[in-house]
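Input: a single structure, listed below in structure tokens.
In what follows, chains are A, B, ... by sequence order, proteins preceding strands, each numbered from 1.
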Amino acid sequence: MSQKHATTLIKSLCARGAVRHARALFDEMPDRDVVAWTAMLSGYASSGRHREALDLFRSMAAAGVIPNEFTLSSVLTACRAAGGGGAASIHALALRRGVDHMPYVVNALIDAYASRGGGDGLVDARCLFDALGEGRTAASWTSMIAGYARWGQENTGLQLFQNMIQDDVELSPFTCSIAIHACSLVGNLYFGQQIHVLSIRKALGANLAVANSLVDLYCTCASILDARRLFDEMPERNLVTWNTIIVGHSRRDPLMAMQLLVNMDIEPNCLTLTSITSACAGLSALRCGQQVHGAVLRRNYGYDLKVSNALVDMYSKCGNIFNAKKVFNMMTCKDILSWTSMIGGYGMNGYVNEAIKLFNSMVHAGIHPDHVVFLGLISACSHAGLVDEGWNLFRSMLLEYNIQPNKEIYGCVINLLGRAGRLREAFILIDTMPLTPDEYIWGALLGACKMHRNLELGRLAAGKIIEINPDAVKTYILLANICAADSKWGEYAATRVLLRGTGSSKEVGMSWIELSDKMYTFSTADSSSPQVSLADEVLQILVQHMDEAGSEFIDNICRGA
DNA sequence: CAGCGGGTTG
């Protein structure tokens with residue numbers, strides 16, 4: 001077999017995925033010219049085996065074979081995949097061989113530098129890009145734009161995209177979807193829509209990646225209805241399409257997310273199931289959540305970190321702490337989210353001591369806590385009335401873990417103190433906190449004043465809230481109630497008049513319960529449905545039973561067996 | 001005989 005034939009065969013073996021066979025053939029060749037080496041190198045590089053590609057490149061140098069522009073562009077692909085680290089030395093080599101200006105080599109260099117990221121990588125890439133001038137090709141533009149988008153400089157990338165369009169460079173679906181994705185990362189709906197129009201004009205709208213990135217853009221930056229319209233119009237959908245629309249709905253319309261899953265005509269993957277699990281958590285739909293758990297196990301996704309995290313969170317939010325713990329304990333590797341979900345789960349279900357114990361285990365495991373963990377812990381203490389524990393956590397957050405509390409945490413601590421009646425301390429904390437208190441912080445104090453009938457501080461807090469947001473309806477009602485409780489009827493009436501001035505009525509808080517796959521919603525003192533009156537009767541009976549059986553019975557219910 | 005870029009979902 002001639003050397004040319006062998007080289008052709010190496011290429012086609014690699015193209016079919018038989019890289020090992022190609023290597024065996026390569027090793028048997030009596031002499032290998034630069035073309036044979038390059039074919040083998042490129043085979044490795046384009047199948048993701050950059051380690052082998054770089055090793056082969058070294059062997060080639062050791063064998064005294066001089067690389068040419070073909071070799072260098074291939075080896076740059078491997079550099080890029082390996083993080084772009086060796087790009088500079090290949091660049092030097094290209095200069096020495098006088099091939100540094102050949103289009104494939106420059107483009108590969110731009111891409112390798114841009115993939116290295118950081119400040120330098122992009123600057124180096126941009127230097128080469130600018131020096132190209134009229135010699136720029138679509139590949140140069142795309143590498144540069146993708147580099148910016150990948151390293152957090154989306155707007156620079158979009159600027160470049162605009163220049164590319166002005167330069168009349170032919171737009172590919174690849175570049176188009178990268179640019180749309182950049183728009184959705186920075187929340188630039190307007191530019192994204194312009195690209196949408198452009199993509200239709202250039203007949204790229206039917207491309208799946210383009211359409212998918214548009215669905216994502218509308219999910220993140222517009223209303224999910226817009227996203228949904230586009231989704232419904234798509235003649236063809238793949239798993240990414242479905243996942244994009246389901247993920248887009250899972251937080252804002254979890255019920256619709258479930259409906260979409262039901263309509264899905266292809267096999268879901270673990271991302272699908274993760275976001276459906278969150279949808280169940282958002283709905284506290286335990287039975288659905290359990291079915292999804294079953295689907296997860298059947299597909300062997302049980303060991304996926306994100307799926308497990310979502311399951312722990314779902315069971316916690318559905319009040320089934322037993323299963324949450326079971327999933328959590330089964331996890332072989334845990335990240336901070338796993339711990340947060342479990343700690344938060346204990347907290348929100350009233351198991352403060354377990355939460356604190358687990359928090360200590362987490363710290364012991366070397367995980368540095370964050371705001372979310374502390375929020376879960378302190379709010380658990382607040383609900384359980386453990387003022388000192390909560391306060392100590394708040395202090396240690398600052399002193400031991402060096403985390404600056406955010407407004408949410410302050411709000412929580414105000415609640416903690418307020419519930420315990422320590423209104424003065426709560427007020428002082430608001431007064432001395434390094435952040436500007438918002439209506440929610442003052443709202444927490446006002447709520448506590450209502451609870452403990454403190455008219456003086458309540459008036460103050462209400463005044464602050466109305467200053468910030470005159471339409472905060474709840475404020476007037478709370479203040480009015482405090483006045484009423486203090487028999488200040490004149491002020492009560494005045495406050496009610498103010499309330500009418502906002503032209504709004506307080507929205508009704510709804511509760512709901514899932515029974516036999518049906519969801520029932522109701523509000524306080526709702527006598528509109530027969531189920532509610534029935535539930536009321538049952539509740540009376542239960543209360544009677546609980547009185548009789550005492551705390552042991554309550555304990556059992558709480559453990560949710 | 002061999003070579004570059006680049007896609008959308010958490």
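A:V247 comes within contact range of the sugar-phosphate backbone alone, with a heavy-atom separation under 4.0 Å but no base atom that close. Across all strands shown, A:S275 has no heavy atoms under 4.0 Å from either base or sugar-phosphate atoms. Within the nucleic acid shown, A:I178 comes within 4.0 Å of sugar-phosphate atoms alone, with no base atom in reach, counting heavy atoms only. Residue contacts for A:L109: at a heavy-atom cut-off of 4.0 Å it reaches no nucleic acid atom on any strand shown. Within the nucleic acid shown, A:A211 has no heavy atom closer than 4.0 Å to any nucleic acid atom.
For A:N243, counting side-chain heavy atoms from C-beta on, the closest listed nucleotide (B:dT9, B:dG10, B:dT8) is B:dT9. Nearest nucleotide to the A:T274 side chain, out of B:dG5, B:dT8, B:dG10: B:dG10. Comparing B:dA2, B:dT9, B:dC4 by their closest approach to the side chain of A:S73 singles out B:dC4. Set against B:dT8, B:dG6, B:dG10, the side chain of A:K306 has B:dG10 as its closest nucleotide. Of all nucleotides listed (B:dG6, B:dT9, B:dA2), B:dA2 comes nearest to the side chain of A:K11. With B:dT9, B:dG5, B:dC4 as the candidates, the nucleotide lying closest to the side chain of A:T244 is B:dT9. Each of B:dG3, B:dG6, B:dC1 was ranked by its minimum atom distance to the side chain of A:D33; first place goes to B:dC1. Of the candidates B:dA2, B:dC4, B:dT9, B:dC4 carries the atom nearest the A:T77 side chain, counting heavy atoms from C-beta on. Nearest nucleotide to the side chain of A:V35, out of B:dG6, B:dA2, B:dG10: B:dA2. Proximity note for A:F70 (side chain, C-beta onward) versus B:dG3, B:dT9, B:dG10: the nearest is B:dG3.
At least one donor-acceptor pair under 3.5 Å links the side chain of A:R299 to the backbone N or O of A:A295. Side-chain N or O atoms of A:W151 include one that pairs as donor or acceptor with a backbone N or O of A:A114 at under 3.5 Å.
Note: CG (A:N68) to C1' (B:dC4) measures 14 Å, nearest angstrom. Rounded to an integer number of Å, the gap from A:I195 CD1 to B:dT8 C1' is 13 Å. At whole-Å resolution of the value, CG in A:L185 and C1' in B:dT8 are 11 Å apart. Regarding A:H5, its NE2 atom lies at a distance of 15 Å from the C1' atom of B:dA2, rounded to whole Å. When rounded to the nearest whole Å, the span between CD of A:E170 and P of B:dG5 equals 19 Å. Between A:L260 atom CG and B:dT9 atom C1' the separation is 14 Å, expressed in whole Å. Rounded to whole angstrom, the span from the CH2 atom of A:W37 across to the C1' atom of B:dC1 amounts to 16 Å. A:M164 places its CE atom 15 Å from the P atom of B:dG5, with the value rounded to the nearest Å.
A donor and an acceptor atom sit less than 3.5 Å apart, one in the side chain of A:S172 and one in the base of B:dG6.
Residues A:Y218 and A:F231 keep their aromatic ring centres 6.0 Å or farther apart. Two rings, from A:F161 and A:W141, have their centers 6.0 Å or more apart.
When all heavy atoms are compared, the tightest approach of A:V65 to A:R32 is CG2-O, 4.3 Å.
Listed pair A:S74 / B:dA2 fails the phosphate criterion, with no side-chain N or O lying under 4.0 Å from OP1 or OP2. Applying the 4.0 Å criterion to OP1 and OP2 of B:dT9, one finds that A:H181 has a side-chain N or O inside that range.
Using modelled atom types and a 3.5 Å distance limit, the side chains of A:T137 and A:N107 yield a donor-acceptor pair.
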